[in-house]
Amino acid sequence: MRQKPTVLAREIVAKSRLFSVEELQLRFSNGVERTYERLASKGVGYGAVMIVALADSDHALLVEEYCAGTDDYQLSLPKGLIEPGEDVLVAAERELKEEAGFGARRLEYLTELSLSPGYMSQKIQVVLARDLYPESLPGDEPEPLGVSQVNLRELSSLVQHPQFSEGRALAALYLARDLLGQRGEFVL
């Protein structure tokens, strides 16, 4: 196993309402020193959750919302922050109701994905939701989100959609589809 670099100095060099940028001065085991920057945790985050919600055995729900990072409306999976003291599955149920207007009778934790490990420490929990029923909760979005579906057999064409670019959502969809296939619950 490789030895992690020694942290020589650590400093917050920029802050916004949502982010802090941390500069790290590192010395690697071979003596090379480098400066890295990363989006730092503010210490109050409880993580985030992303939901692969199955409308039926072949289709997952997508939501369409404005994304400031791309300055465009994008399709993705329902997702959001986990509230203080909230269980991952409870957060998934709440976010699904807030963003897509559905609850789920069956929730299953799948995995944790890193967002961008070279620059961020944040991770997202992926949950599979099945046996959906209509139920809405008010969310924090400034406008109602569009809801559509993607066929799990057509994920390779989803990346060609001009409004779909989120890699972690695509990874979550493939993971869910593969898991269901391994269990014999989905056939390509």
Side-chain angles (χ1 to χ4, degrees), residues 13-22 36-42 44-56 58-83 86 88 91-104 107 110-130 132 134-178:
V13 294
K15 282 186 177 184
S16 77
R17 182 176 57 84
L18 297 175
F19 304 107
S20 292
V21 177
E22 182 178 42
Y36 281 72
E37 290 182 347
R38 68 178 184 177
L39 288 178
S41 170
K42 289 199 171 243
V44 297
Y46 294 92
V49 64
M50 174 176 275
I51 306 100
V52 178
L54 298 181
D56 57 40
D58 292 340
H59 297 87
L61 299 182
L62 296 176
V63 293
E64 179 188 37
E65 67 181 316
Y66 177 76
C67 296
T70 59
D71 187 28
D72 199 5
Y73 282 88
Q74 292 281 305
L75 293 170
S76 187
L77 295 172
K79 61 188 168 303
L81 295 177
I82 299 171
E83 300 293 335
E86 191 175 41
V88 170
E93 174 88 2
R94 178 183 49 75
E95 286 294 341
L96 184 58
K97 289 176 182 178
E98 289 177 2
E99 294 200 351
F102 288 94
L107 294 163
L110 295 183
T111 194
E112 177 179 80
L113 294 174
S114 174
L115 304 180
S116 181
Y119 298 99
M120 302 170 71
S121 61
Q122 293 83 354
K123 296 181 180 181
I124 196 161
Q125 310 305 311
V126 180
V127 171
L128 178 63
R130 294 190 275 185
L132 304 183
E135 185 175 334
S136 295
L137 286 175
D140 57 3
E141 289 76 19
E143 61 185 358
L145 303 184
V147 179
S148 61
Q149 296 182 11
V150 61
N151 189 318
L152 295 176
R153 289 180 173 79
E154 299 172 1
L155 294 182
S156 60
S157 65
L158 181 60
V159 296
Q160 303 304 318
H161 195 291
Q163 287 183 281
F164 187 88
S165 64
E166 189 170 14
R168 62 188 178 163
L170 187 62
L173 286 163
Y174 272 110
L175 286 168
R177 186 183 80 178
D178 288 354

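A distance of 10.0 Å separates CD of Q149 from CG of L54, quoted to the nearest 0.5 Å. We find the CE-NZ distance between M50 and K123 to be 15.5 Å, quoted to the nearest 0.5 Å. Distance check: L115 CG to L39 CG gives 10.0 Å after rounding to the nearest 0.5 Å. Taking CE from M120 and OG from S114, the interatomic distance works out to 8.0 Å, rounded to the nearest 0.5 Å. Annotation: the span from L152 atom CG to D178 atom CG amounts to 10.0 Å, rounded to 0.5 Å.
When all heavy atoms are compared, the tightest approach of K15 to S20 is CG-OG, 3.7 Å. The heavy-atom pair separating A53 from L132 by the smallest distance is CB-CD1, 4.1 Å. Taking both residues in full, the closest heavy atoms of L61 and P78 are given as O-CD, 4.0 Å, listed atom of the first, atom of the second, then distance. The two residues I82 and E86 have their closest heavy-atom pair at CG2-O, 3.3 Å. Between V52 and A176, the shortest heavy-atom distance links the atoms CG1-CB, 3.7 Å. Across F164 and A169, no two heavy atoms sit closer than the pair CZ-CB, 4.0 Å.
When side chains are defined from C-beta on, L170 counts as touching V159, because their heavy atoms get closer than 4.5 Å.
Looking only at distances, a side-chain donor or acceptor of E99 sits under 3.5 Å from a matching main-chain atom of K79. Within the 3.5 Å criterion, the main-chain N or O of L75 finds no donor-acceptor partner in the side chain of E166. Judged by distance alone, with hydrogens and angles left aside, the side-chain atoms of Q163 form a donor-acceptor pair with the main-chain N or O of Y73 at under 3.5 Å.
Side-chain atoms of E64 and S148 include no donor-acceptor pair closer than 3.5 Å.
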For this session: Give the intermediate values and the outcome of side-chain hydrogen bond (donor to acceptor under 3.5 Å, both in side chains) for residues D71 and Y66.
Result: CA-CA 7 Å; D71 187 28; Y66 177 76; 2.5 Å; yes
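Scored by the side chain to side chain contact (heavy atoms under 4.5 Å, CB included) test, R38 finds R10, E22, L24 as partners (sequence neighbours excluded).
With a 6.0 Å radius and a threshold of 12 heavy atoms from other residues, nucleotides or ligands, Y119 has its OH atom at or below the threshold.
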